[in-house]
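The block underneath contains the structure these notes are about, expressed in structure tokens.
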Amino acid sequence: MIAQELEVSLHMAFVEARQKQHEFITVEHLLLAMLDNPSAAEVLKSCGVDLDELRGVLADFISEHTPRLSPHSDADTQPTQGFQRVIQRAILHVQSSGKKEVTGANVLVAIFGEKESHAVYFLNQRGVTRLDVVNYISHGITKNPQQKHEKAEAKEESENGERGAGRARSLHDQPQHDGEAGQDRPADRPRARARARDPGAVPAPQEQPAAGRRGRRGQDGDRRRARAPHQRRRRAGAPARLPGVFARHGRAARRNEIPR
Amino acid sequence: MDFVVVVLQTVFAMSRERATQVMLQVHREGMGVCGTYVREVATTKVDQVIDLARRHQHPLQCTMEET
């Protein structure tokens with residue numbers, strides 16, 4: 001039910017709270033434990049969180065706001081209602097989605113369900129929203145460009161690895177006129193844009209006339225030479241360039257347009 | 001009255017004197033302050049008090065207010 005790694009993290013959280021004589025173990029304790037949980041820490045890193053800084057903030061908050069047990073009382077550290085709700089939410093979610101084990105990442109998502117919790121406030125303060133976390137878990141979409149999820153890497157390979165270019169490009173959904181891409185003449189722009197919206201609906205320039213022209217090329221060589229220089233240049237550059245253009249405007253580009 | 005003092009001592013970690021003062025305030029004015037906590041801790045404490053009161057069959061009320 002509960003994954004081994006999460007079991008260890010929860011146990012460590014309890015041991016630490018008990019050792020510090022905290023009367024309660026809160027959602028903030030839980031978030032602090034999640035920073036040392038492999039799956040949750042991976043998600044947080046992908047959202048651009050400085051784990052050590054957050055750890056310090058949480059430790060300060062906990063030591064300031066958690067009541068201590070008096071040394072001579074026999075009462076034990078107990079979880080708050082919020083803590084129990086979070087764990088319950090994580091377990092219910094995993095059960096209802098048909099998975100086998102609750103991981104630290106599931107708990108991290110469940111923490112966001114707590115209303116008016118300091119743990120959620122600290123996360124939001126660092127620009128982490130529930131959507132960021134869920135996006136990374138389910139699609140590998142990361143806010144931190146250095147780190148990539150294996151799901152994202154697999155997708156990228158199938159999309160020609162043009163992801164970085166796609167992100168910059170998606171801002172204005174138009175061919176960028178630099179270097180070889182600049183050979184997309186103004187007349188071709190509507191077509192390029194249509195291709196960007198729906199690759200495959202509008203054929204790429206070199207696909208469309210290829211069959212006919214290959215036959216003509218032999219007998220009609222002088223006609224080719226009669227073209228204006230800039231047109232000839234475009235044809236020459238086209239085949240090498242196009243796959244890249246597709247990747248930049250296709251699914252990869254749209255995937256990166258998710259607002260963050 | 002004794003039960004209220006015991007609750008204030010166990011749940012809110014008050015000394016016997018302080019607990020008695022708060023108990024008398026509750027007795028005379030109908031309401032007294034047990035403490036100020038983070039929301040999460042406060043809800044748990046309210047729940048503890050109500051649970052304790054119910055188990056001992058006392059009609060003691062405990063609520064939480066924003067400060």
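In what follows, chains are A, B, ... by sequence order, proteins preceding strands, each numbered from 1.
- Residue B:R16 places its CZ atom among 12 or fewer non-hydrogen atoms of other residues, nucleotides or ligands, all under 6.0 Å distant.
- In plain terms, the two heavy atoms of A:G82 and B:E40 that are nearest each other are CA-OE2, 4.1 Å.
- Scanning for side-chain hydrogen bond (donor to acceptor under 3.5 Å, both in side chains) contacts around A:T129 gives A:D132, with sequence neighbours left out.
- Atom CD of B:Q48 sits about 10.5 Å away from atom OG1 of A:T80, to the nearest 0.5 Å.
- Contacts between residues 90-124 of chain A and chain B, counted as heavy-atom pairs separated by less than 4.5 Å, involve A:E116, A:H118.
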Donor-acceptor pairs are to be reported for all side-chain atoms of residues 54-67 of chain B against protein atoms at under 3.5 Å, with residues two or more places apart or in another chain.
| residue | atom | partner | partner atom | Å |
| --- | --- | --- | --- | --- |
| B:R55 | NH2 | B:D51 | OD2 | 3.3 |
| B:H56 | ND1 | B:L52 | O | 2.9 |

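- Using a 4.5 Å cut-off between non-hydrogen atoms, the part of residues 17-39 of chain A that approaches chain B consists of A:E23, A:F24, A:T26, A:V27, A:E28.
- When the shell of 6.0 Å around CG of B:D2 is examined, it contains 12 or fewer heavy atoms from other residues, nucleotides or ligands.
- With a 4.5 Å cut-off on non-hydrogen atoms, B:V46 does not touch chain A at all.
- Counted within 6.0 Å of CE on A:M1, heavy atoms from surrounding residues, nucleotides or ligands total more than 12; the atom is thus considered enclosed.
- The shortest non-hydrogen separation linking A:P79 to B:T44 is O-CG2, 4.4 Å.
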